[in-house]
Amino acid sequence: MPWLSIPFSDLETKKALNSKFDVEAIPCLVILHPKDNKDEATLHDGVELLHRFGVQAFPFTKERLEELKLEEKEKHERQTLTNLLICHNRDYLLGHPAPRQVPVASLVGKTIGLYFSSHWCLPGGKFTPKLISIYQKIKQMLVNKGNDDDFEIVFVSSDRDQAEFDSYFNSMPWLALPFGDPANKTLAKHFDVKGIPCLVILGPDGKTVSKHGRNLINLYQENAYPFTEAQVDLLEKQMDEEAQSLPRSKNHAGHRHELTLVSEGTGGGPFICCDCDEQGSGWAYQCLECGYEVHPKCVRAVDRGSMAES
């Protein structure tokens, strides 16, 4: 590091700073301005600001940050598919079989998923096969409706080398930005991608529909298409209606305690299913003793013979 440091042995100062600035997780970057006082001007989210704005965030004043947020808002309002995906002299994406080139212009007017992932990402290794299955179901659903060319996914790679990229992309049925293309990093910054895998959904007009495509796929599978707020509202309403017919409590083969049906309004909320390890929201079966939660669809019947033996 090219900067200064509190001595490693000075535990008292480090403890006092952690306490003063309520540091709960690392890395954490606290910005102190020259005219700081205890009531204002201190910024606790320096890591996020640098990730989001880079060197442009300096000198980290409220005025400068407001300018950057306004610029960011205007940039998103001007957002189109072509100005997102076309870079310098490249106006195409990679398709199959390689080295097929697909013009970016041919995607205009479609719903597009930008899939941020990499070969080395363990959660991506689990989510990618699911996304492939859902992608194919959506495509078939659109074929049945006579709109087979209205949805596409573009892989935005964080792979470390060409071989990793080639291996990963060859497992995917959709398109990709070339490995090492500047647009890969530009898009991750534009959409403030902090973790992968991440699926950003763009509408036919090129504007952002949702940054939470992965969650929507996990929750609603192919029914999430076209990922709009209206579609999500409809699916949530259907989920609420279906929940009315579910038992108020259940025994689950994967847990020793009885599980209780909960919703966001009755003690539930966003969760990670302890059975399938995927995101959940809305309704769940929850253990009121230890917090164990599963999707209603993941509850497995208990073997009554085993219960009698135990």
Same apolar cluster: L216 and W283, side chain cutoff 4.5 Å: yes
Gap separating the NZ atom of K130 from the SG atom of C276, nearest 0.5 angstrom: 5.5 Å
Short side-chain to backbone donor-acceptor contact, E66 and K62, under 3.5 Å: no
Gap separating the CD1 atom of I153 from the NZ atom of K110, nearest 0.5 angstrom: 12.5 Å
N184 side-chain N/O to S157 backbone N/O, donor-acceptor pair under 3.5 Å: yes
Donor on one side chain, acceptor on other, D166 and Q162, under 3.5 Å: yes
Geometric class of the H255/H257 ring pair [parallel <30°, tilted 30-60°, perpendicular >60°]: perpendicular
Closest non-hydrogen atom pair, Q79 against G206: NE2-O, 2.8 Å
Residue K75 excluded, over 12 heavy atoms near NZ under 6.0 Å: no
Contacts of K297 that satisfy side chain to side chain contact (heavy atoms under 4.5 Å, CB included) - sequence neighbours left out: Q221, H295
Path from L107 to L187 over hydrophobic side-chain contacts below 4.5 Å: yes
Flag if over 12 foreign heavy atoms under 6.0 Å of CZ, F21: yes
Non-hydrogen atoms of P197 and C121 that approach each other most closely: CD-SG, 3.6 Å
Polar side chain donor-acceptor pair, E258 to H252, under 3.5 angstrom: no
Transitive ILVMFWY side-chain link L142 to I217, under 4.5 Å: yes
H119 and F165: CA distance, side-chain angles, deciding distance, side chain to side chain contact (heavy atoms under 4.5 Å, CB included) verdict: CA-CA 7 Å; H119 186 274; F165 170 83; over 6 Å; no
Residue pair L114, L199: steps toward the side chain to side chain contact (heavy atoms under 4.5 Å, CB included) verdict: CA-CA 6 Å; L114 299 179; L199 181 65; 6.0 Å; no
E242/K237 salt bridge by N-O under 4.0 Å criterion: no
Charged N-O contact under 4.0 Å between D192 and K211: no
Heavy-atom donor-acceptor pair, K69 side chain to R64 backbone, under 3.5 Å: no
Gap between atom CH2 of W120 and atom OG of S158 - 0.5 Å precision: 6.0 Å
Exercise: identify the closest heavy-atom pair between V209 and L202: CG2-C, 3.9 Å
The single option from F179, W174, Y115, F155 passing ring-ring contact (aromatic ring centres under 6.0 Å, His included) against Y168: F155
E24 atom CD, over 12 foreign heavy atoms within 6.0 Å: no
A284 to E293 - nearest heavy-atom pair and separation: CB-OE2, 3.9 Å
Gap between atom CD1 of I31 and atom CG of L50 - 0.5 Å precision: 6.5 Å
Distance-only polar pair, side chains of S118 and E164, donor-acceptor under 3.5 Å: no
Pairing of K207 and E77 as salt bridge, 4.0 angstrom limit: no
Side-chain (N83) to main-chain (T80) donor-acceptor, under 3.5 angstrom: yes
T186 side chain to P182 backbone, donor-acceptor under 3.5 Å: yes
Short side-chain donor-acceptor distance under 3.5 Å, N144 and Q140: yes
Would you list the atom pairs, donor with acceptor, under 3.5 Å between side chains in residues 223-236 and any protein atom, with sequence neighbours excluded?
| residue | atom | partner | partner atom | Å |
| --- | --- | --- | --- | --- |
| T228 | OG1 | Q231 | N | 3.2 |
| Q231 | NE2 | N223 | O | 2.7 |

Residue K126 excluded, over 12 heavy atoms near NZ under 6.0 Å: yes
R214 to F127, cation-pi by 6.0 Å centre distance and 45° axis angle: yes
